[in-house]
2 protein chains.
Amino acid sequence: MEISPSPSSPRSDHTAELLRSRILDGVLDPGTLLAESAVARELGVSRVPVREALFALEQDGLVAFSDSGRAYVKELSPFDFEELYVLRLTLEPVAARLAAPALRENPLALEANIRATSKAPALLQVTQLDLDFHEIILEASGNRRLLKLWRSIRHELALWLGRLHRSKQLQTRGTRSETVSSHEALVTAFKTKSPAECERLMRQHVLGWREWLPTTEVQP
Amino acid sequence: MEISPSPSSPRSDHTAELLRSRILDGVLDPGTLLAESAVARELGVSRVPVREALFALEQDGLVAFSDSGRAYVKELSPFDFEELYVLRLTLEPVAARLAAPALRENPLALEANIRATSKAPALLQVTQLDLDFHEIILEASGNRRLLKLWRSIRHELALWLGRLHRSKQLQTRGTRSETVSSHEALVTAFKTKSPAECERLMRQHVLGWREWLPTTEVQP
DNA sequence: ATTCACCAAACGGTATACCGTTTCAAGATC
DNA sequence: GATCTTGAAACGGTATACCGTTTGGTGAAT
């Protein structure tokens with residue numbers, strides 16, 4: 001029996017994709033009601049695929065449901081961010097350790113990502129490529145459930161970072177070069193160090209990433 | 001705006017509940033096709049709530065979809081179990097550290113769980129209460145996303161353990177007393193030790209739990 | 001006996017329709 | 001002016017129906 005993690009659904013996939021980008025791009029403000037009927041009318045599809053798309057987006061953490069079953073664009077608080085940060089700090093070092101053997105064999109994807117980052121025109125692309133870099137590591141970990149967890153966290157992080165960026169609360173100075181050099185250090189570690197050392201370095205990397213962001217002054 | 005993690009859906013919730021128990025109880029064998037029409041007909045509801053229930057069960061890891069969109073009762077391999085084990089080993093020690101302050105204040109739920117475990121009549125109840133014990137800790141961690149992750153992992157673990165139990169591959173001797181004493185040790189730690197020490201002990205606990213299970217001889 | 005072509009039944013994706021509930025604002029009451 | 005009432009519109013939950021695709025077996029061809 002062939003198994004894939006989810007069914008292929010052109011309409012609902014397309015709907016989810018479109019809503020996802022609108023949410024991440026900030027076209028839809030936090031708290032906006034996503035009524036099935038309205039979205040369906042606008043996109044020219046029925047409510048059924050919209051409904052499925054909303055469920056998918058809930059899983060991504062981009063949408064939340066009220067008690068009455070209404071879907072809203074998710075509002076993220078500093079408290080939410082701290083939760084996400086704890087998860088990163090927990091999962092990513094382990095992923096780095098698991099991925100180390102595979103990445104030692106083939107670090108090409110990581111290196112290509114670094115080259116792309118060094119040429120990225122804008123801060124938003126850098127943060128996007130930064131998340132891509134980490135996703136490559138999660139993929140290389142070989143743990144499908146770990147990767148799935150990362151993806152759901154990633155969407156929420158992208159949402160958080162996008163909102164910070166739009167409200168001009170992300171510091172720009174040196175971001176690209178800092179990102180590139182610290183990613184280069186990680187790649188070197190993958191190629192030459194032990195998995196345990198890679199784990200330790202990844203932990204430091206995530207800790208350092210946290211320092212870049214505006215303080216949220218919330219106890220995790 | 002009041003937000004809850006998921007919409008309340010009597011029909012679809014009930015359907016999911018029923019299918020979940022049938023899968024966990026082994027009434028439905030791994031690989032069994034769960035056709036929307038058939039399930040709907042049997043339960044006397046329409047396909048819509050069944051569809052939603054199947055999506056929910058996929059998130060629990062109890063159901064997988066084929067490329068053509070058909071839902072099947074999930075088949076778990078030793079490889080899957082290793083993935084789950086790695087996640088436990090990663091998440092639970094962190095949860096223990098985060099939960100330590102709250103559990104030091106109020107360990108009543110844990111202690112009640114231990115009393116119930118010591119009176120549990122059968123092995124299957126013991127393993128169920130064991131998972132409950134850990135879920136209490138995850139709840140006390142205060143990290144909602146961490147708890148959500150644990151719940152999805154928990155369902156898959158329960159599925160795995162249930163299948164082992166039915167195929168008589170779980171050792172029974174001493175399970176209850178071992179579980180009780182090791183949980184008691186954890187509660188003592190929560191009441192008297194530092195969060196960091198609780199984290200370390202939880203890690204040992206999960207490592208020890210792994211030893212109880214039949215070896216799967218698969219590299220994680 | 002094996003493989004291939006074919007077809008009918010079954011299934012999933014989606015559209016539409018119905019119904020009870022929730023929502024929210026206009027109007028009534030204090 | 002603030003609060004409560006109320007009713008129409010909007011919304012979500014669900015049932016039913018239509019359609020193209022997948023599936024699994026039957027019979028033909030080799």
Side-chain angles (χ1 to χ4, degrees), chain A residues 1-20 22-23 28-75, chain B residues 1-20 22-23 28-75:
Chain A
M1 177 184 42
E2 272 303 310
I3 291 291
S4 89
S6 71
S8 70
S9 325
R11 294 269 200 291
S12 54
D13 280 357
H14 179 252
T15 303
E17 207 82 32
L18 193 129
L19 287 177
R20 193 195 325 273
R22 285 197 191 173
I23 293 172
L28 296 168
D29 288 328
T32 303
L33 171 65
L34 297 174
E36 293 177 7
S37 340
V39 175
R41 201 165 33 239
E42 184 184 0
L43 302 190
V45 298
S46 79
R47 279 175 50 205
V48 183
V50 174
R51 199 174 169 76
E52 290 187 14
L54 291 175
F55 279 113
L57 291 174
E58 186 206 13
Q59 224 193 319
D60 291 344
L62 302 183
V63 156
F65 285 88
S66 74
D67 292 334
S68 60
R70 284 164 148 78
Y72 298 86
V73 176
K74 185 124 151 197
E75 311 190 65
Chain B
M1 176 184 41
E2 272 301 309
I3 290 292
S4 88
S6 70
S8 71
S9 327
R11 293 268 199 293
S12 55
D13 280 356
H14 179 251
T15 303
E17 207 83 32
L18 193 130
L19 287 178
R20 194 195 324 275
R22 284 196 192 172
I23 293 173
L28 295 168
D29 288 326
T32 303
L33 171 65
L34 297 175
E36 292 177 8
S37 341
V39 175
R41 200 165 32 240
E42 183 185 0
L43 301 190
V45 299
S46 79
R47 277 174 52 205
V48 183
V50 174
R51 198 176 171 74
E52 289 187 14
L54 291 176
F55 279 112
L57 291 172
E58 186 206 13
Q59 224 194 318
D60 291 342
L62 302 183
V63 156
F65 286 88
S66 73
D67 292 334
S68 60
R70 287 166 146 77
Y72 297 87
V73 176
K74 184 122 147 198
E75 311 190 66

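Chain A is the first sequence line, chain B the second, and so forth, proteins listed ahead of strands; every chain is numbered from 1. All values below were derived from every heavy atom in this structure, side-chain atoms included, with hydrogens, water molecules and symmetry-related copies excluded.
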(request) Using salt bridge (Lys or Arg N to Asp or Glu O under 4.0 Å) as the criterion, list what pairs up with B:E17, not counting sequence neighbours. (result)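 So B:E17 forms no salt bridge (Lys or Arg N to Asp or Glu O under 4.0 Å) with any residue.
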(request) Please identify each residue that fulfils salt bridge (Lys or Arg N to Asp or Glu O under 4.0 Å) with B:R41, with sequence neighbours left out. (result)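 Not a single residue meets the salt bridge (Lys or Arg N to Asp or Glu O under 4.0 Å) criterion with B:R41.
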When you check the phosphate oxygens OP1 and OP2 of [N], does a side-chain N or O of [X] lie under 4.0 Å from one of them?
X	N	value
B:S46	D:dA15	yes
B:S68	D:dT23	yes
A:R11	C:dA15	yes
A:R51	D:dG13	yes

(request) Under the side-chain contact (heavy atoms from CB on, under 4.5 Å) rule, collect the residues that match up with A:A16, sequence neighbours excluded. (result)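 Scan of A:A16 (side-chain contact (heavy atoms from CB on, under 4.5 Å), adjacent residues dropped) gives A:R20, A:A53.
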(message) The criterion is side-chain contact (heavy atoms from CB on, under 4.5 Å); which residues satisfy it with A:A35, sequence neighbours excluded?
(response)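 Once residues adjacent in sequence are excluded, the partners of A:A35 under the side-chain contact (heavy atoms from CB on, under 4.5 Å) criterion are A:L33, A:A38.
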Enumerate all atom pairs, one protein N or O and one N or O from nucleotides 7-11 of chain D, separated by less than 3.5 Å.
from	atom 1	to	atom 2	distance (Å)
D:dC11	O4'	A:R70	NH2	3.3

(message) Under a 4.0 Å threshold between the charged nitrogen and the carboxylate oxygen, would B:E52 count as salt-bridged to B:R11?
(response)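 Salt bridge between B:R11 and B:E52, a charged N being under 4.0 Å from a carboxylate O: no.
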How many Å lie between [atom1] on [X] and [atom2] on [N], as a whole number?
X	N	atom1	atom2	answer
B:F65	D:dT22	CZ	P	17 Å
B:F55	C:dT14	CZ	C1'	12 Å
B:R47	C:dG13	CZ	P	8 Å

(request) Could you pull out all residues at least two apart from A:Q59 that satisfy side chain to side chain donor-acceptor pair (under 3.5 Å)? (result)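 None.
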